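Read through the structure below, which is laid out as structure tokens, and then see the notes.
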Protein chains: 2
Amino acid sequence: MSVFRAPGSQKAQGHVPSEQLSLELADFYKVFGDFSRIRILFSLLDNELYVNELADLLGMSQSAVSHQLRILRQNKLVKVRKDGKTSIYSLDDDHVYRILTQGLEHISH
Amino acid sequence: MSVFRAPGSQKAQGHVPSEQLSLELADFYKVFGDFSRIRILFSLLDNELYVNELADLLGMSQSAVSHQLRILRQNKLVKVRKDGKTSIYSLDDDHVYRILTQGLEHISH
DNA sequence: TATACATATGTGCATATGTACATATGTATA
DNA sequence: TATACATATGTACATATGCACATATGTATA
């Protein structure tokens, strides 16, 4: 793994992990580290759904769902398709699916 | 994936994801979703290190490191070995290593 | 065009969280 | 035993964050 700084920029024993990479990885996990967002992603595993369907399904307000969908969009985890008045959301690709299944494997040891 | 509730407990189209599982998975990701904790874990990839070594290496206070190590301990991501006055920390098992490498794969697309 | 509907978004607030500071706990050494 | 050292932890506070509320934007229909 090229997680570390170039030799010479380190002080004592141990390698200082790259701050850039650490930040990116933490941000990556942060998106998945929220109950509502995980539930939204799970809901989209089978079907694409529009915003109000998600809100009803999960018992969340339209506002809350929209705000979380925005975060998921910005992080390229979901994509939108417009159909008239409705915005239809789906997982961006099966990359997201793999991340979720790997996470589930880890928590079931 | 058995991520969903039993059929019958769902309303319209779409499956309501299990709240229990969603919560566990979000909490799992939440631990990794912090810059300082990721850096600590990366630092422990090669070597075991004691608290002050980590603090010096990462430019963090002893207090901050200890508090984060506590969270990592509670989530079984690191383990402690006592040697006199010092507490020597290491990754709990290579399960943690796998999680980190998978995360890195994802952010590098 | 006026209205209803679906979604997006700005804002405020309550809660969560990371860390500094101070201190407690535990261990080795003089 | 007294002191220094290493770590753990309680507390306060600043910041981050998720969501409710109100409203803006965009689209279809009467």
Side-chain angles (χ1 to χ4, degrees), chain A residues 12-14 19 22-44 47-75 77-90, chain B residues 12-14 19 22-44 47-75 77-90:
Chain A
Q13 65 218 87
E19 300 202 357
S22 301
L23 203 61
E24 278 181 42
L25 194 57
D27 285 342
F28 165 80
Y29 284 124
K30 210 169 288 186
V31 183
F32 290 91
D34 176 77
F35 180 59
S36 297
R37 285 193 290 272
I38 285 288
R39 292 180 82 212
I40 290 174
L41 292 176
F42 274 161
S43 302
L44 296 175
N47 311 304
E48 49 181 19
L49 293 168
Y50 54 88
V51 179
N52 279 333
E53 277 181 324
L54 277 167
D56 290 347
L57 190 68
L58 301 177
M60 295 174 63
S61 72
Q62 178 266 322
S63 169
V65 171
S66 263
H67 274 104
Q68 297 308 328
L69 282 172
R70 175 187 171 140
I71 294 175
L72 295 171
R73 245 187 295 128
Q74 289 171 333
N75 286 276
L77 301 183
V78 301
K79 61 186 174 200
V80 210
R81 178 167 63 84
K82 294 273 185 180
D83 181 26
K85 287 181 287 190
T86 71
S87 298
I88 300 166
Y89 281 84
S90 56
Chain B
Q13 65 217 85
E19 299 204 358
S22 300
L23 202 62
E24 279 182 41
L25 193 58
D27 285 342
F28 164 79
Y29 283 124
K30 210 168 288 185
V31 183
F32 291 91
D34 176 78
F35 179 60
S36 297
R37 286 194 290 273
I38 286 288
R39 293 181 82 211
I40 291 175
L41 292 175
F42 274 161
S43 301
L44 296 175
N47 311 305
E48 50 181 19
L49 293 168
Y50 55 88
V51 180
N52 278 334
E53 276 182 324
L54 277 167
D56 290 347
L57 191 66
L58 302 176
M60 296 173 63
S61 72
Q62 177 268 322
S63 168
V65 171
S66 264
H67 274 103
Q68 297 308 329
L69 283 172
R70 175 186 172 143
I71 294 174
L72 294 172
R73 245 187 295 129
Q74 289 169 335
N75 286 276
L77 301 184
V78 301
K79 61 187 174 198
V80 210
R81 178 166 62 83
K82 294 273 185 179
D83 181 26
K85 288 180 287 190
T86 71
S87 298
I88 300 166
Y89 282 84
S90 55

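Computed from a predicted model, the values in this text were never measured in an experiment. Proteins get letters first, then strands, A, B, ... in listed order; numbering begins at 1 in each.
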Checklist entry - A:Arg73 or A:Thr86: which one's nearest nucleotide on DNA chain C is closer to the 5' end? => result A:Thr86
Next on the checklist: Using whole Å, what does the distance between atom C1' of nucleotide C:dA6 and atom CG of A:Leu69 come to?
Outcome noted: 13 Å
Checklist entry - Does C:dG10 have OP1 or OP2 sitting under 4.0 Å from an N or O in the side chain of A:Arg70? => result yes
Next on the checklist: Can you list every stem that DNA chain C is part of, counting only runs of 3 or more consecutive Watson-Crick or G-U wobble pairs with both distances under 3.5 Å?
Outcome noted: C:1-30 with D:1-30
Item to check | Set of residues satisfying side-chain hydrogen bond (donor to acceptor under 3.5 Å, both in side chains) with respect to A:Ser66, sequence neighbours excluded | outcome: A:Gln62
Checklist outcome for this item: Heavy-atom contacts, protein to nucleotides 17-24 of chain D, under 4.0 Å, summarised as B (base), S (sugar-phosphate only) or - (none) per nt, yield SSSBB---
Item to check | Inter- and intrachain pairs under salt bridge (Lys or Arg N to Asp or Glu O under 4.0 Å), touching residues 79-90 of chain B, at least two apart | outcome: B:Glu48-B:Arg81
Next on the checklist: Give me the atom names and distance for the closest heavy-atom approach of A:Val65 to A:Ala55.
Outcome noted: CG2-CA, 3.8 Å
Item to check | By side-chain hydrogen bond (donor to acceptor under 3.5 Å, both in side chains) - contacts of A:Arg73 (at least two apart) | outcome: A:Tyr89
Item to check | Main-chain N/O of B:Ser22 paired to A:Arg39 side chain as donor or acceptor, under 3.5 Å | outcome: no
Item to check | 4.5 Å side-chain heavy-atom contact, B:Ile71 and B:Leu77 | outcome: no
Next on the checklist: Between B:Asp34 (side chain only) and B:Ser36 (backbone N and O only), is there a donor and an acceptor less than 3.5 Å apart?
Outcome noted: yes
Item to check | Heavy-atom closest contact (A:Leu69 atom, A:Val78 atom, distance) | outcome: O-CG2, 4.0 Å
Checklist outcome for this item: Of all heavy-atom pairs linking A:Phe28 and A:Phe32, the shortest is O-CD1, 3.4 Å
Checklist entry - Looking across every strand, which nucleic acid part, if any, lies under 4.0 Å from A:Tyr89 by heavy atom: base, sugar-phosphate, or nothing? => result sugar-phosphate
Item to check | Side chain to side chain, A:Lys30 and A:Asp27, heavy atoms closer than 4.5 Å | outcome: yes
Next on the checklist: One character per nucleotide, please: for nucleotides 25-30 of chain C, 5' to 3', B when the base has a protein heavy atom closer than 4.0 Å, S when only the sugar-phosphate does, - otherwise.
Outcome noted: -BBS--
Checklist entry - What is the nucleic acid contact for B:Ser87, judged by heavy atoms within less than 4.0 Å: base, sugar-phosphate only, or nothing? => result sugar-phosphate
Checklist entry - Do A:Thr86 and A:Val51 touch side chain to side chain, with heavy atoms closer than 4.5 Å? => result no
